Each structure stands twice: as structure tokens, then as C-alpha cells.
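Here is the structure we will look at, set down as C-alpha cells.
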Amino acid sequence: MHSDDGLKARIEEVEKDLLFYLRKYHELTSRSKFMKAVVDKEIRRLERELKELGKYY
């Protein structure tokens, strides 16, 4: 399905994005309820994607 290099690069990209949201969680979510909902949804999406990618790596 994926080349090993491409898969590894995607995993690294998703991990980087997830770490960004986790590090900035308080700052981003304190802006509004809508922003909190968006950030929470994005974190869940990234976690699901990492779990799915882990099946192939």
C-alpha cells in the first residue's frame, strides 16, 4: 500500500502535528468553545490516523 519511506514520513508528520496540538492545547482551547471543539476533534483524528498507520509499519 505505502512505501516504507513514505509511511515513515507520514507517521512523523502526524506525530509532529499531534505534538503541536498537545503542547498548545491550553492556549488554543481557551480562545473559545468552538476552537476547543475543533482542536479536540483534530487531536482525535490524528490519534486515529497514527493508530491506523501503525498497523502498516
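Since the model is a prediction, treat every value here as computed from it, not as a measurement.
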Residues at least two apart in sequence or cross-chain that pass salt bridge (Lys or Arg N to Asp or Glu O under 4.0 Å) with K41, listed by chain then number, are none
What is the distance from atom CG of L50 to atom CG of L18, rounded to the nearest 0.5 Å?
-> 6.0 Å
Contacts of type side chain to side chain contact (heavy atoms under 4.5 Å, CB included), residue E27, not counting sequence neighbours = K24, R31
Going from CG on L46 to CZ on F20, what distance comes out if it is rounded to the nearest 0.5 angstrom?
-> 11.0 Å
Who are the side-chain hydrogen bond (donor to acceptor under 3.5 Å, both in side chains) partners of K55, not counting sequence neighbours?
-> E52
When rounded to the nearest 0.5 angstrom, what distance separates CD in E47 from OH in Y21?
-> 13.0 Å
Could you tell me which residues satisfy side-chain hydrogen bond (donor to acceptor under 3.5 Å, both in side chains) with Y25, sequence neighbours excluded, listed by chain and number?
-> K36, D40
Distance-only donor-acceptor pairs under 3.5 Å for side chains of residues 6-17, two or more places apart:
unit_1, atom_1, unit_2, atom_2, d
R10, NE, E49, OE2, 2.7
R10, NH1, E13, OE1, 3.4
R10, NH1, E13, OE2, 3.3
R10, NH2, E49, OE1, 3.0
R10, NH2, E49, OE2, 2.8

Go through Y56 and D4 one step at a time and tell me if the side chain to side chain contact (heavy atoms under 4.5 Å, CB included) criterion holds.
-> CA-CA 9 Å; Y56 301 107; D4 284 343; over 6 Å; no
All side chain to side chain contact (heavy atoms under 4.5 Å, CB included) counterparts of L19, not counting sequence neighbours | R23
